[in-house]
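See below for the structure under consideration.
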Amino acid sequence: MKLSKSFIPTLKEVPNDAVVTSHVLMLRTGMIRMLSAGIYSFLPLGYKVVKKVCEIIREEMDAIGGQEFHLPALNPKEIWEETNRVEAFGDTMFHVKNREYILAPTHEEIMTYHARRVLASYKDMPQTWYQIQTKFRNEPRPRSGIIRGRQFLMKDSYSFDTSSEGLDASYKLHDSAYRKIFERCGLKFFVVGASSGAMGGSGSEEFMVKSSAGEDTVAYCESCGYAGNVEVAVSKVEPLIRKESSKEIYEIHTPNVKSIDELCAFLNIDETQCAKSRVYISDNTPVLVLMLGNEEVNETKLEKLVANARPGHPEELSELTGADAGSIGPVGFKGRIIADERLRNLNNMFSGANKNDYHIGGIDLTRDVTNIEYADLRIIKAGEGCTRCNSKLDVFPAIELGHIFKLGTKYSESMGALFLDENGKSHPIIMGSYGIGVERVIACYIEQNNDEKGIVWDKTLAPFHIHLIGLNMKKEEVITASENLYTSLQSEGYLVLFDDRKDAQAGFKFNDADLLGMPIQIIVGEKKLKENKVELKIRKSGERFEVEIDQINETLKNIFNQ
RNA sequence: CGGGGCGUAGCGUAGUCCGGUUAUCGCGCCUGCUUUGGGAGCAGGAGGUCGCAAGUUCGAAUCUUGCCGCCCCGACCA
């Protein structure tokens, strides 16, 4: 493609609204433009990359027996009522105003709708159905360019099996296909155990990329590879031991002491002697959650014990306990009390007195809080031990690229997708669902492959393999040589972007080439042409060589086959 | 949804507090000449509902009110 005739609007300056590297670079390279918050247009250069990612996904999905569909994004609401997910998605689902339609945020319902009509016998299964299609979610806060949008491309697939063993097999096939897809895309990723969340089902894994732009937090063990979303991750921490003898309970006047840090400073104690209280409300019932010291509540873990828990409002807290947030404690609290495992059976603890400006010391959780339950509720922290190998865990933000779920029968049961087994008995189909954020693959690639000059594409995803630069395009010999190269490189099968602009300065062209980041730049200049040579630059390393023009194909073959 | 910030030409911006000729500057764009190995020079030129609406005023980018949009933090989130 000739740059003089292309629409590749590069930007020299960083647009005001972009913060995240991949967003900045996609705007600056003219890959995308924003239409509205969380809604992006892909321009020709960006769409080339989208198509490349989709092709890789298709090849790997087809390789595991997937069959590609193309379902409507506009769905009748009544199908979604069958699984009660109109309510479950709530405001996240887009509703069409002038007809009872919704814009699909995912496609479990539609795939199940088709499955229940055609998968009537055990002989019809297993099946794996997929599509690459636009999803719509009314995200309250779109962010980071295409990383979180209101409209995005997703590869979603669905497996239909007759047994849980069958589901396991389908799930494993997807796991291996996903690994191949992300490897082929050149991403450094890892797989973490995850929460199934609102999707339901038994097992779930996320494919993650480490990134400061990430919205998930994961724990990762460098030495054994253990990885988990902090929503579900576990770690090994020093157990705390009950003291020999329990003191009596005593009240302490603690004026203006609210936080655990203030309490520790005021009483000159360690935070491991403190029990922090958080009050949650679940369906109008209060639950007191006790955490050691400054440890934080993992609300995903809490959700498994207490449905629909939300933090109590300040007014609710004082009404329930008689005290404000900084002075609440378990002693005398009326209601369910769940303490983190680390607090199990501890004594001589300090906590709030349920009376403003007072705390209680000498608490023996076993003696003084008789209705206490224990559970693992904490958010793990960096530096804690790996439960598998004892090394230290790293905790960092990450972007979720893909998620695979064992759904089980949640959708087939509620929608009546049944099949007959060998004995003529009816069972719900056993399902899995599997997603990849297509644009996120691109954003993550760019997050991982850029430098101060711009994007650094690898051959696989690069919109073009070669960026051919004709320097002074007013000189006849430069025009002839670069045009000839342009033709011959293309006939060799390379995708070539040819900077044939007549009036752009050399520096301008070089900087654009570095910004756009094609793997190889070939520079045709007047001086080198006199020796029948051109210059070849490898974008990634910055290495440059002079190459005889008739050697160029061989040189390229060597580079691209490395 | 809570907190903070922002909205002036395609992009980046000055001016807004303290109202006053023709709204600033850089990049980009157009024309001509020169220039062509790391974001050129000279000369000339085009491009603006100052987010929208109402109000105050002799006069509003500037003050007031309402609305819309965008970004960031938090909450939320397959």
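We name chains A, B, ... by the order of the sequence lines, and we start the count at 1 in each one. Nothing here was measured: the structure is a model prediction, and the numbers come from that model.
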base_contact_polar (B/A78 base, A/E231 side chain, donor-acceptor, <3.5 Å):
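Answer no: no donor N or O sits under 3.5 Å from an acceptor.
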Any donor-acceptor N/O pair under 3.5 Å between B/C71 base and A/R143 side chain
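Not at all, since no donor on one side and acceptor on the other fall under 3.5 Å apart.
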Restricting both atoms to N or O, compile the protein contacts to nucleotides 29-37 of chain B shorter than 3.5 Å, with distance only.
residue: B/U35; atom: O2; partner: A/Q505; partner atom: OE1; Å: 3.0
residue: B/U35; atom: O4; partner: A/K474; partner atom: NZ; Å: 2.7
residue: B/U36; atom: O2'; partner: A/N472; partner atom: ND2; Å: 3.3
residue: B/U36; atom: O2; partner: A/A504; partner atom: O; Å: 3.3
residue: B/U36; atom: O4; partner: A/K474; partner atom: NZ; Å: 2.9
residue: B/G37; atom: N1; partner: A/E535; partner atom: OE1; Å: 3.1
residue: B/G37; atom: N2; partner: A/E535; partner atom: OE1; Å: 2.5
residue: B/G37; atom: N2; partner: A/E535; partner atom: OE2; Å: 2.9

Using the P atom as the reference point in each nucleotide, state the distance between B/C58 and B/C67 in Å, no decimals.
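Looking at atom P only, B/C58 and B/C67 are 28 Å apart.
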Hey, would you say the A/Y445 and A/W457 ring centroids sit under 6.0 Å apart?
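Between A/W457 and A/Y445, which both carry aromatic rings, the centre distance is below 6.0 Å.
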Listed by chain and number, what are the side chain to side chain contact (heavy atoms under 4.5 Å, CB included) partners of A/N450, not counting sequence neighbours?
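Checked A/N450 against side chain to side chain contact (heavy atoms under 4.5 Å, CB included); matches are A/T21, A/L25.
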Mind checking [X] for me? I need base, sugar-phosphate or nothing, with any heavy atom below 4.0 Å counting as a touch.
X	result
A/S144	sugar-phosphate
A/T92	nothing
A/R33	nothing
A/K135	nothing

Tell me which residues in residues 512-520 of chain A put a heavy atom below 4.0 Å from RNA chain B, sorted by number, or none.
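RNA chain B contact set from residues 512-520 of chain A: A/D512, A/D514.
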Applying salt bridge (Lys or Arg N to Asp or Glu O under 4.0 Å), which residue pairs with at least one partner in residues 9-25 of chain A are found, sequence neighbours left out?
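Those involving residues 9-25 of chain A do not exist here.
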With the sugar-phosphate defined as primed atoms, P, OP1 and OP2, and the base as all remaining atoms, what B/S/- string results for nucleotides 1-11 of chain B, 5' to 3', for protein heavy atoms under 4.0 Å?
----------B
Identify, with sequence neighbours excluded, every residue that meets side-chain hydrogen bond (donor to acceptor under 3.5 Å, both in side chains) alongside A/D376.
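Here the qualifying residues are A/K301.
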Among all residues two or more places apart in sequence or in another chain, which pass the side-chain hydrogen bond (donor to acceptor under 3.5 Å, both in side chains) test with A/S22?
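Per chain and number, A/S22 pairs via side-chain hydrogen bond (donor to acceptor under 3.5 Å, both in side chains) with A/E447.
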Table of protein N/O atoms under 3.5 Å from nucleotides 45-47 of chain B N/O atoms:
none

Applying ring-ring contact (aromatic ring centres under 6.0 Å, His included), name anything that partners A/H23, two or more places apart in sequence or on another chain.
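Only A/Y40 meet the ring-ring contact (aromatic ring centres under 6.0 Å, His included) criterion with A/H23.
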Sequence-distant partners of A/R378, salt bridge (charged side-chain N to carboxylate O under 4.0 Å, His left out), two or more places apart:
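A/E295, A/E384.
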Restricting to salt bridge (charged side-chain N to carboxylate O under 4.0 Å, His left out), what partner residues turn up for A/R58, sequence neighbours left out?
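Residues passing salt bridge (charged side-chain N to carboxylate O under 4.0 Å, His left out) with A/R58: A/E55, A/E68.
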Can you run through RNA chain B from 5' to 3' and write each base as (, ), [, ], | or . depending on how it pairs? Watson-Crick or G-U wobble, both distances under 3.5 Å.
(((((((..(((.......[....))).((((((.....)))))).....(((((..]....))))))))))))....
